Visitor: 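Pasting a structure below so you can have a look.
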Amino acid sequence: MFRLDWDSSEIETEILAVAPEMAPYFETFNGLRIMRSTCSTEIFFGFLCTPNNNLTRILQMARHLASYGAELAVVDGKRINRFPDVATIAAIPEADLRAKAFGYRAATIPSVAQQVLTRGEAWIESLKNVPFESAHAELCKLKGVGPKLADCIALFALHHMEAVPIDTHIWQAYVRLYRPEWKDKPITDSRYREAATFLRARFGNHGGWAQQYLFYDNMLNWRTRKE
DNA sequence: TCTCGACCTGAC
DNA sequence: TCAGGTCGAG
């Protein structure tokens, strides 16, 4: 889960050799790791909760989706459920999720699950065995999944370690470090592609690992950072 | 290819 | 006002 079989100092050394600007982030957040989930379905639908949303609500929504799965145990009075399979999520009525304050994602989450089902239950897992670019392209064909979610799913669910999801935080870090002339510019499709391509080229197979530091730093400091 | 507005909710 | 965005129209 925490990739303890990976030597983080070795990875940091390799990243620093090609991207010395990462040094202060490694010093500040020493020990930060990128997690390795064993359940691709959970990560897939977890990220479907994230668009245009905040972490507190994302957690509530992910927990609610989990409640549709088989009960594993009760710990300190709290039910622990296995994350449900794709078919279960595909069958959740939109009204149920609306009632749980899912907003417009009440429609998109079951819809994406239905699209996945038509590709077969093993489809998500199968994307682990194709090149990152192919997996990303396939994920983007789902209505409701754009380039950012595709990158998140590729990295965190499928373990394509070169993926660099450009969310609002990585976008701010990218502009600050590499593209100051784009300060305050919104992310368009083409800018997204440029940033993601640039960061993958710069960090190579450690793109996912490196972006975690930039993400966490910006997450902590974006409100107070003055330029 | 870019720009906009819409889309749910709730914390700050 | 804005969150770990995406879609459709123009």
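Since the structure is predicted, the reported quantities are computational estimates derived from the model, not experimental observations. The sequence lines fix the lettering, A, B, ..., with proteins before strands; numbering per chain opens at 1.
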Visitor: For nucleotides B:dC12 and C:dG4, find the distance between their P atoms and express it as a whole number of Å.
Guide: 12 Å

Visitor: Consider the side chain of A:Pro51, meaning its heavy atoms from C-beta on, and name the nucleotide among C:dG5, C:dG4, B:dC2 that approaches it most closely.
Guide: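 Nearest listed nucleotide: C:dG5.
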
Visitor: Starting from P on C:dA3, measure out to CD1 on A:Ile170 and report it in whole angstrom.
Guide: 14 Å

Visitor: Under a plain distance cut-off of 3.5 Å, with no hydrogens placed, do A:Thr88 and A:Asp85 share a side-chain donor-acceptor pair?
Guide: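 On atom types as modelled, these side chains qualify, holding a pair under 3.5 Å.
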
Visitor: Rounding to an integer number of Å, can you tell me how far A:Lys148 NZ sits from C:dC7 P?
Guide: 13 Å

Visitor: Classify A:Leu142 by what it touches in the nucleic acid, base, sugar-phosphate, or nothing, heavy-atom distance under 4.0 Å.
Guide: sugar-phosphate

Visitor: Should C:dG8 form a Watson-Crick or G-U wobble pair with both distances under 3.5 Å, which nucleotide is its partner?
Guide: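 Across all strands, the one nucleotide that pairs with C:dG8 is B:dC4.
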
Visitor: Quick one: is A:Arg98 getting a side-chain N or O under 4.0 Å of the B:dC8 phosphate, OP1 or OP2?
Guide: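 Yes, because at least one side-chain N or O of A:Arg98 sits under 4.0 Å from OP1 or OP2 of B:dC8.
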
Visitor: In terms of the nearest nucleotide of DNA chain C, which residue is placed more toward the 5' end: A:Val145 or A:Gln172?
Guide: A:Gln172

Visitor: Whole angstroms only, please: what is the CD1-P distance between A:Ile109 and B:dC7?
Guide: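 After rounding, the reported distance stands at 18 Å.
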
Visitor: Which comes earlier along DNA chain B counting from the 5' end, the contact point of A:Asn52 or that of A:Gln60, where each point is its nearest nucleotide?
Guide: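 Mapping each residue to its closest nucleotide by heavy atoms, the 5'-most match is A:Asn52.
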
Visitor: Rounding to an integer number of angstrom, what distance separates B:dC8 and C:dG8 when you compare their P atoms?
Guide: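 Between the two P atoms, the distance is 14 Å.
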
Visitor: OP1 or OP2 of B:dC2 versus the side-chain N and O atoms of A:Thr188: is any pair under 4.0 Å?
Guide: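 Looking at the OP1 and OP2 atoms of B:dC2, one of them is under 4.0 Å from a side-chain N or O of A:Thr188.
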
Visitor: Whole angstroms only, please: what is the CG-P distance between A:Leu48 and C:dA3?
Guide: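 Spelled out: CG on A:Leu48 to P on C:dA3 is 20 Å.
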
Visitor: For the pair made of CG in A:Asp167 and P in C:dT6, what is the distance, rounded to whole Å?
Guide: 10 Å

Visitor: Give the rounded distance in Å between these two atoms: CG of A:Leu59 and P of B:dA11.
Guide: 13 Å

Visitor: According to a strict under-4.0 Å criterion, is A:Lys143 in side-chain N/O contact with OP1 or OP2 of C:dG8?
Guide: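 Yes, within the criterion.
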
Visitor: Assess whether one donor atom and one acceptor atom, taken from the side chain of A:Arg57 and the base of B:dC8, lie less than 3.5 Å apart.
Guide: yes

Visitor: Can you tell which of B:dT1, B:dT9, C:dG5 lies closest to the side chain of A:Tyr104?
Guide: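 Of all the options, the side chain of A:Tyr104 is nearest to C:dG5.
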
Visitor: Would you mind checking if A:Glu125 and A:Lys128 are paired as a salt bridge, meaning a charged N to carboxylate O distance below 4.0 Å?
Guide: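 Result for this pair is yes, salt bridge flagged.
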
Visitor: For the residue pair A:Gln60 / A:Thr56, report whether a side-chain donor-acceptor contact shorter than 3.5 Å exists.
Guide: no

Visitor: Could you tell me whether the side chain of A:Trp171 and the main chain of A:Lys185 form a donor-acceptor pair under 3.5 Å?
Guide: yes

Visitor: Counting any heavy atom closer than 4.0 Å, what does A:Ile58 reach on the DNA or RNA strands: base, sugar-phosphate only, or nothing?
Guide: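 Nothing: the residue A:Ile58, judged by heavy atoms under 4.0 Å, touches no strand.
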
Visitor: Measuring centre to centre across the rings, with the benzene-like ring taken for any Trp, is A:Tyr174 within less than 6.0 Å of A:Phe198?
Guide: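 Close enough - the centres of the two rings lie under 6.0 Å apart.
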
Visitor: Choose from C:dA3, C:dT6, B:dT1 the nucleotide whose nearest atom is closest to any side-chain atom of A:Asn54.
Guide: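 Closest of the options to the side chain of A:Asn54: C:dA3.
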
Visitor: Rounded to the nearest Å, what distance is computed from the OH atom of residue A:Tyr192 to the P atom of nucleotide C:dG4?
Guide: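 Rounding to the nearest Å, OH of A:Tyr192 and P of C:dG4 are 15 Å apart.
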
Visitor: Would you indicate which nucleotide in C:dG4, B:dT1, C:dG5 comes nearest to any side-chain atom of A:Phe215?
Guide: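 From the listed options, C:dG4 comes nearest.
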
Visitor: Identify, between A:Arg105 and A:Lys185, the residue whose nearest nucleotide on DNA chain B lies closer to the 5' end.
Guide: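 Closer to the 5' end of DNA chain B: A:Lys185.
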
Visitor: In whole angstrom, what separates A:Asp184's CG from C:dT1's P?
Guide: 16 Å

Visitor: Just by distance, no angles: are the side chains of A:Ser9 and A:Asp7 close enough, under 3.5 Å, to form a donor-acceptor pair?
Guide: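 Per modelled atom types, A:Ser9 and A:Asp7 side chains form a pair under 3.5 Å.
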
Visitor: Mind checking A:Phe156 for me? I need base, sugar-phosphate or nothing, with any heavy atom below 4.0 Å counting as a touch.
Guide: base

Visitor: Across the strands shown, which category fits A:Pro165 at heavy-atom distances under 4.0 angstrom: base, sugar-phosphate, nothing?
Guide: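 Touches nothing.
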
